[in-house]
Amino acid sequence: MTLTDAQRERFSRQLVLEGVGEAGQQRLAAARVLVVGAGGLGSPAAFYLAAAGIGAIGLVDFDVVSLSNLNRQILHGAGDLGRPKTVSAAERLRALAPDVDVIRHAERLDAASAEARVAAYDVVVECSDNFETKFLVNAACVRAGVPLVWASVLGWEGQMSVVVPGRGPCYRCLFPPAVDLDGAPTAREVGILGAVAGVFGALEALEAVKVLLGVGESLAGRLLVWDGGTGAFETVAFSAQPGCPVCG
Ligand SMILES: [Zn+2]
């Protein structure tokens, strides 16, 4: 597949980038990325993936747009209240990048459907706001052998990493079943600043592009933590747990 003149101009600033070039751009155009959650993280992640020229973007979300979403969920606008998020998100992504194939999955992933869903994609970008979905998607990606980029944000801070099945730790290695997460705070209680979700959604898109291009050093085996209150980024190495119920 060769690039059209319009694509050459649209992507001119990344075609000259070391690690991308024409071959890399073609690889992105052939890539399929699944974004789980079209909210605070999924909005910037999907936006930047579409802008980068990813060929097909799957969107999983069963929710509709509400007014309280709009401080951070930048794929949706005031005119979208009450509409399914996958619909407003798809419109916005196509308006930005008419070539992108947006595949809407207006559903809640469950244990029965998750593995088949993720297996149809090259990379999964996990953007949900709950542990349950993250555990489900992690297990599905490890079983299907599909790389996973995940992030969590709350308040003024967030954390993220990358799971490359068969090489390094998974999400469950970090949060083994013995860790009690039942009382963990939620964005509804603690709040979330939109720009914090924006930072992590953009970083998730970046990690997905790196995985697809096979360039740079992915965050696999490293937890990136950022406190927006102080501006401090930190990465902490972590290892696969031999007794991990998912990847062990
Ligand atoms: Zn594991």
Side-chain angles (χ1 to χ4, degrees), residues 1 23-39 41-63 75 84-94 96-151 160-168 170-172 201 203-215 218-220 246-247:
M1 187 173 63
Q25 196 61 51
Q26 286 170 351
R27 192 181 287 197
L28 296 180
R32 298 169 56 83
V33 178
L34 183 68
V35 177
V36 179
L41 289 167
S43 287
F47 232 155
Y48 277 115
L49 289 168
I54 299 296
I57 298 175
L59 292 174
V60 177
D61 205 301
F62 61 89
D63 210 356
L75 278 181
K85 289 185 182 178
T86 53
V87 172
S88 49
E91 284 178 6
R92 195 75 187 87
L93 294 176
R94 288 182 187 127
L96 169 70
D99 288 347
V100 68
D101 179 15
V102 182
I103 303 139
R104 297 189 292 111
H105 304 293
E107 65 187 13
R108 193 192 288 265
L109 287 181
D110 58 33
S113 65
E115 188 177 345
R117 182 62 74 225
V118 306
Y121 290 87
D122 300 312
V123 178
V124 174
V125 180
E126 210 290 329
C127 299
S128 78
D129 60 356
N130 64 85
F131 285 109
E132 193 187 347
T133 304
K134 288 182 195 304
F135 288 137
L136 185 72
V137 172
N138 174 65
C141 284
V142 169
R143 277 199 303 270
V146 177
L148 165 68
V149 182
W150 65 266
M160 66 178 292
S161 189
V162 173
V163 177
V164 181
R167 281 186 289 155
C170 78
Y171 183 75
R172 249 311 178 192
L203 284 171
E204 286 191 277
L206 173 64
E207 288 297 318
V209 167
K210 283 162 60 182
V211 168
L212 289 167
L213 294 177
V215 300
S218 95
L219 283 173
V246 176
C247 75

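Along the sequence shown, the residues carry numbers beginning at 1.
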- Minimum heavy-atom distance Cys127-Gly37, with the two atoms named: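 It is CB-O, 3.7 Å.
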
- Message: If you compare all heavy atoms of Ala46 against all heavy atoms of Ile57, which two are closest, and at what distance to 0.1 Å?
- Response: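 Taking every non-hydrogen atom into account, O-CD1, 3.8 Å.
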
- Task: Sorted by first residue and then second, give each side chain to side chain donor-acceptor pair (under 3.5 Å) pair with at least one member in residues 25-34; sequence neighbours left out.
- Result: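 Those involving residues 25-34 are Gln14-Gln25.
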
[atom2] on [Y] to [atom1] on [X], rounded to 0.5 Å:
| X | Y | atom1 | atom2 | result |
| --- | --- | --- | --- | --- |
| Asn130 | Phe135 | CG | CZ | 10.0 Å |
| Asn138 | Thr133 | CG | OG1 | 12.0 Å |
| Ile54 | Leu93 | CD1 | CG | 12.0 Å |

- Query: Just wondering, more than 12 heavy atoms not from Arg94 lying within 6.0 Å of its CZ?
  - Reply: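 Buried by this count: over 12 neighbours within 6.0 Å.
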
- Task: Determine whether more than 12 heavy atoms belonging to other residues, nucleotides or ligands lie under 6.0 Å from atom CZ of Arg172.
- Result: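 Result for CZ/Arg172: enclosed.
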
- Message: Does any part of the side chain of Val36, heavy atoms only, come nearer than 4.5 Å to the side chain of Val124, both counted from C-beta?
- Response: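 Yes - at least one pair of side-chain heavy atoms lies under 4.5 Å apart.
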
- Message: Counting C-beta onward and ignoring hydrogens, is there a side-chain heavy-atom pair between Val60 and Leu109 closer than 4.5 Å?
- Response: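 A side-chain contact under 4.5 Å exists here.
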
- By ring-ring contact (aromatic ring centres under 6.0 Å, His included), which residues pair with Tyr48, not counting sequence neighbours?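 Residues passing ring-ring contact (aromatic ring centres under 6.0 Å, His included) with Tyr48: none at all.
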
- side chain to side chain contact (heavy atoms under 4.5 Å, CB included) evaluation trace for Phe47 with Arg92: CA-CA 8 Å; Phe47 232 155; Arg92 195 75 187 87; 3.8 Å; yes

